[in-house]
Amino acid sequence: MDTNDRTSPRAHFAFDLAHYRKEAGMSQVALSTRMRCHTSLISHVERGRRAPTLDFAEALDRIFQLDAHFANLYRQISHSPTLGWFARWVEEIEPQAVILQSWDPLLVPGLLQTPEYARAIFATMASADQIEDRVQARTRRMQIFDTPDPPVFLALIDEGVLHRPIGGPKVLSEQLRYLLDMSEHPRITIQLVPVVAGCAAGMMSAFALARLRDGTEVVSADSVLSGQVTGDLDSVAQLKMRYDTIRADAYPQSQSQQAIEDAERKWTK
């Protein structure tokens with residue numbers, strides 16, 4: 001994202017964060033110490049790769065002695081566009097999950113997408129005035145990893161995704177580098193399913209499973225024309241079995257990280 005373009009609230013937030021930090025003579029490390037967060041979070045928000053939380057925005061207002069400047073920007077960012085059937089998953093399921101599992105045969109999963117990669121996807125299916133809203137809605141989902149007790153996230157991705165230049169080589173290269181960064185998160189495991197595995201069980205659609213704090217299990221299944229979020233026991237059992245079948249063919253995380261790194265170097269050339 002071009003953080004010099006302040007036309008969107010998220011770009012405005014990113015620009016002002018960098019401005020006030022530098023004006024105060026603070027490094028990202030110094031600010032992260034004051035904020036009690038990882039330095040990488042400051043970096044990602046300043047670059048527009050992560051959407052801020054309300055707590056994050058309010059902490060900035062306290063540190064820079066501002067009258068709800070960042071809190072007001074957060075509220076503009078969090079104005080939710082229509083998500084259709086997927087709204088329940090984003091607004092009710094993911095924030096309450098203790099374990100999330102996803103399978104994606106065609107794309108990087110939404111929780112791990114860079115804004116540029118997401119923008120390239122939405123450009124094929126949304127009008128120009130909807131694209132940025134959808135990109136912001138997608139990046140806001142990543143806030144669940146900034147909470148004191150984030151969910152465990154197990155992401156299975158088809159290896160072919162590494163070689164599908166969504167948005168072009170530069171966008172894919174940056175997306176793969178971001179995947180590597182996120183794979184270092186203590187609660188995130190990324191495993192690739194090799195193309196040679198065939199993976200017939202996973203070719204029908206992408207899907208996700210969630211276990212909530214009260215033990216409830218819910219699934220989300222997507223297709224070209226429709227999707228659904230359900231806690232139906234038969235549907236949950238069927239997709240859990242399919243997930244285990246797919247994961248049996250997956251590379252371990254270390255081998256997956258190496259494959260992502262190799263692909264990232266290829267697209268950087």
Side-chain angles (χ1 to χ4, degrees), residues 1-83 86-98 100 110-116 118-119 132-153 178 181-182 184-188 210 212-214:
M1 183 185 71
D2 181 2
T3 53
N4 292 312
D5 175 10
R6 300 173 64 181
T7 57
S8 75
R10 183 166 59 86
H12 192 167
F13 194 108
F15 181 93
D16 283 7
L17 171 54
H19 170 76
Y20 282 106
R21 177 180 61 76
K22 293 173 183 176
E23 190 176 64
M26 299 175 69
S27 66
Q28 290 183 343
V29 173
L31 180 57
S32 68
T33 300
R34 294 280 301 276
M35 296 278 289
R36 297 183 180 180
C37 68
H38 293 293
T39 305
S40 61
L41 177 58
I42 304 293
S43 175
H44 285 318
V45 174
E46 282 193 5
R47 296 170 65 191
R49 292 187 178 276
R50 298 288 289 275
T53 63
L54 179 58
D55 287 345
F56 185 93
E58 290 176 340
L60 290 176
D61 285 330
R62 288 193 298 271
I63 290 170
F64 298 127
Q65 299 182 337
L66 301 173
D67 184 16
H69 174 77
F70 284 104
N72 288 333
L73 283 176
Y74 166 80
R75 292 185 180 94
Q76 294 178 46
I77 294 171
S78 62
H79 179 69
S80 179
T82 300
L83 296 173
F86 199 55
R88 183 187 170 208
W89 184 265
V90 172
E91 296 170 2
E92 299 178 25
I93 305 303
E94 282 184 344
Q96 298 299 318
V98 292
L100 289 166
L111 276 175
L112 299 176
Q113 289 177 6
T114 64
E116 294 82 3
R119 190 172 290 111
E132 195 59 33
D133 280 345
R134 294 194 179 190
V135 170
Q136 290 184 26
R138 179 148 293 182
T139 55
R140 279 198 301 274
R141 292 169 60 196
M142 300 176 189
Q143 293 175 7
I144 62 173
F145 297 121
D146 299 328
T147 62
D149 187 24
V152 171
F153 182 34
Y178 185 65
D181 291 344
M182 293 303 287
E184 298 297 332
H185 191 290
R187 297 292 186 98
I188 297 175
L212 308 186
R213 301 184 190 283
D214 63 1

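Bear in mind that the values here come from a model prediction, so they are computed numbers and not experimental data.
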Do Phe153 and Phe145 have side-chain heavy atoms sitting under 4.5 Å apart?
yes

Least distance between heavy atoms, Pro115 atom then Thr139 atom:
CG-CG2, 3.7 Å

Asp214 atom CG: more than 12 heavy-atom contacts under 6.0 Å
yes

To the nearest 0.5 angstrom, please state how far the CG atom of Leu73 sits from the NE2 atom of His12.
5.0 Å

Show your reasoning for whether side-chain contact (heavy atoms from CB on, under 4.5 Å) applies to Ile144 and Gln96.
CA-CA 9 Å; Ile144 62 173; Gln96 298 299 318; over 6 Å; no

What are the two closest non-hydrogen atoms of Pro95 and Trp89, and how far apart are they?
CD-O, 4.2 Å

Does Asp146 form a side-chain contact (heavy atoms from CB on, under 4.5 Å) with Leu41? I'd like the steps, not just the answer.
CA-CA 8 Å; Asp146 299 328; Leu41 177 58; 3.7 Å; yes

Those residues at least two apart in sequence (or on a different chain) that pass side chain to side chain donor-acceptor pair (under 3.5 Å) with Thr39 are Ser32

Hey, are the side chains of Leu100 and Pro151 touching, using non-hydrogen atoms and a 4.5 Å cut-off?
yes

N/O donor-acceptor pair under 3.5 Å between His185 side chain and Arg187 backbone:
yes

When rounded to the nearest 0.5 angstrom, what distance separates CG in Leu111 from CD1 in Ile188?
8.0 Å

Looking at CZ of Arg47 and OG1 of Thr114, how far apart are the two atoms once the value is rounded to the nearest 0.5 Å?
10.0 Å

Taking atom CZ as the centre, does Arg36 end up with more than 12 heavy-atom neighbours from other residues, nucleotides or ligands that are less than 6.0 angstrom away?
no

Quick one: OG1 on Thr33 to CD on Gln28, what's the gap to the nearest 0.5 Å?
11.5 Å

Heavy-atom side-chain proximity of Leu54 to Phe70 below 4.5 angstrom
no

State, to 0.1 Å, how close Glu58 and Ala71 come at their nearest heavy-atom pair, and which atoms those are.
CG-CB, 4.3 Å

So, for His44 and Tyr178, is the gap between ring centers shorter than 6.0 Å?
yes

For residues Leu17 and Phe56, determine if any side-chain heavy atom of one lies less than 4.5 Å from a side-chain heavy atom of the other.
yes

NE2-CD distance between His19 and Glu23, expressed to the nearest 0.5 angstrom:
4.0 Å

Quick one: SG on Cys37 to CD1 on Ile42, what's the gap to the nearest 0.5 Å?
4.0 Å

Could you tell me whether Phe64 and His69 have their ring centroids closer than 6.0 angstrom?
no

Leu31 vs Leu60 side-chain heavy atoms within contact, under 4.5 Å
yes

Met26 and Arg34: CA distance, side-chain angles, deciding distance, side-chain contact (heavy atoms from CB on, under 4.5 Å) verdict
CA-CA 10 Å; Met26 299 175 69; Arg34 294 280 301 276; 3.9 Å; yes

Closest contact, heavy atoms only, Glu46 versus Ala14
O-CB, 3.3 Å

Write down the atom of Ile93, the atom of Leu212, and the distance for their closest heavy-atom approach.
O-CD2, 3.7 Å

Heavy-atom closest pair (Ala118 atom, Gln113 atom, distance to 0.1 Å) is CB-OE1, 3.4 Å

Below 4.5 Å, heavy atoms only, C-beta onward: do Arg134 and Arg119 meet side chain to side chain?
no

